[in-house]
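All residue numbers in this chain count up from 1 along the given sequence.
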Amino acid sequence: MRTGRTKALHFDIHGRVRIRVDANAPSATQLQSMLACFATDTEGPADIIVDSQPEPMPEAGLLEHELAYTETSVRFQHDRVQIVREPEQWRIHGAGELLTSVVPVLDAAMVGQGAAMFHAATMAYNGHAIALPAAGGTGKTSTAAKLMRREGWSFMGDDWAFLAEDGTQLGYAKPMFIKPHHRAIYPHLFEGVRKPLVPSGLSQTVGRLTTLVHPYVIRYPRVADFSRKWSPEHRMVDASSAFPGREVTTSAPLAVAVYIERFEGSRSRIVERTKDWMVDRMIGNFHIEMAGFSQRVVTSLAATSVISWREHFAAKGVVLSKALDGRPCYLLQVPSAYSADQASDDIVRFLEEMLPSVLDEQS
């Protein structure tokens, strides 16, 4: 392990995992933006280190032309990224955009500290946390806006969050991605002179194009950062801009988990599910909603035995199972034909009908 120190950015993820990013690394600007809610001036031992200086890998094995690896490290040849895992620390090196490498490593590091990362809209209601795991495009961002107009609700995040094994939901209020179809729900974000967005009808087409070029863009972090900020597909805003004057909750005890999905039915419906069903859905949904390179990171670390695929997912399952123990779990299905506005109306209605009885049972 190298001991040289440079000017660094520090992030503390709920007191469980600390990240140190070399401020001179090409990816520093992007990580500073995406991890801003965890920024700290306090220095301390880092669980994850991010910089641009690779480490030697003598006598590395090769997996075709894609990977070089040792017992503790993997180098992605074409993507200019190296990940090193030691018992007490992860190190990520690369000249490219590194958020897609940090996310799966952060998940693994948090699992080691008794908390699991998942993909969801997360809210708090009168001090109780609500988890709404769902795929992208389901209506999470629209639902958050409508709930925040009601008394007793506060924001925790609309994309990623963590569940601790003691049942505490830990928020992640990273920048939100506001798209053209959100205009009616977040009208204040479209007032005045703003970055132009494509018409709603072209949003999906531009989104597919963005997905296609993403694997190439991330090799050049400044291009990736520019693309993320200036893409006509979306606008990045922080929670304070999206919900001016409203509270952001960082942690709260989980009351209920509601998995939301689109389906080919004509009317929304809700059914209760088991804890084990919800654990499987949370793990699978998080994995599939990661960027393509993030998925490759997990697969490659497992394929080269730097991590054990079996042990990694088993450990995450144990954390989520403990977190969900004794808490109701539901599947809420919303017609695929509904717009984000219509879908979020139904989601809010079901939550308002359900929560009084759920909270009464837990009081």
Ile283: what forms a side chain to side chain contact (heavy atoms under 4.5 Å, CB included) with it, not counting sequence neighbours?
Val279, Phe313, Lys316, Leu320
Nearest heavy atoms of [X] and [Y], plus distance in Å:
| X | Y | answer |
| --- | --- | --- |
| Ala252 | Thr249 | CB-CG2, 4.3 Å |
| Gln295 | Ile288 | NE2-O, 3.2 Å |
| Ser73 | Met57 | OG-CE, 3.4 Å |
| Pro328 | Val256 | O-CG2, 3.4 Å |
| Cys37 | Lys174 | SG-N, 4.3 Å |
| Leu254 | Ala323 | CD2-O, 4.3 Å |

From the list Val84, Ile49, Val105, side chain to side chain contact (heavy atoms under 4.5 Å, CB included) partner of Trp90 resolves to Val105
Option passing side chain to side chain contact (heavy atoms under 4.5 Å, CB included) with Glu165 (candidates Val318, Leu324, Val319):
Val319
Would you say [X] and [Y] make side-chain contact, with heavy atoms under 4.5 Å?
| X | Y | result |
| --- | --- | --- |
| Thr299 | Trp309 | yes |
| Ile19 | His10 | no |
| Met278 | Phe118 | no |
| His312 | Leu301 | no |
| Leu355 | His128 | no |
| Met290 | Asp107 | no |
| Leu67 | Phe76 | yes |
| Ile13 | Phe162 | yes |

Please determine whether the number of non-hydrogen atoms from other residues, nucleotides or ligands lying under 6.0 Å from atom [atom1] of [X] exceeds 12.
| X | atom1 | value |
| --- | --- | --- |
| Glu272 | CD | yes |
| Glu353 | CD | yes |
| Leu62 | CG | yes |

Donor-acceptor under 3.5 Å (Gln89 side chain, Glu86 main chain)
no
When you check the side-chain N and O atoms of [X] and [Y], is any donor under 3.5 Å from an acceptor?
| X | Y | result |
| --- | --- | --- |
| His65 | Gln77 | no |
| Asp276 | Thr274 | no |
| Ser357 | Asp360 | no |
| Asp166 | Thr168 | yes |

Lys/Arg-Asp/Glu bridge criterion (N-O < 4.0 Å) met for [X], [Y]:
| X | Y | answer |
| --- | --- | --- |
| Arg18 | Asp12 | yes |
| Asp51 | Arg20 | no |
| Lys322 | Asp325 | no |

Aromatic contact, Tyr330 with Phe350 (centres under 6.0 Å)
no
Does anything in residues 130-145 pair up under side chain to side chain donor-acceptor pair (under 3.5 Å), and if so which pairs, sequence neighbours excluded?
Thr141-Asp158
Could you see if Met156 belongs to whatever hydrophobic cluster contains Phe38? Use Ile, Leu, Val, Met, Phe, Trp, Tyr and a side-chain cutoff under 4.5 Å.
no
Ring pair (Phe, Tyr, Trp, His ring centres under 6.0 Å) with Phe155: which of Tyr125, Phe243, Tyr172?
Phe243
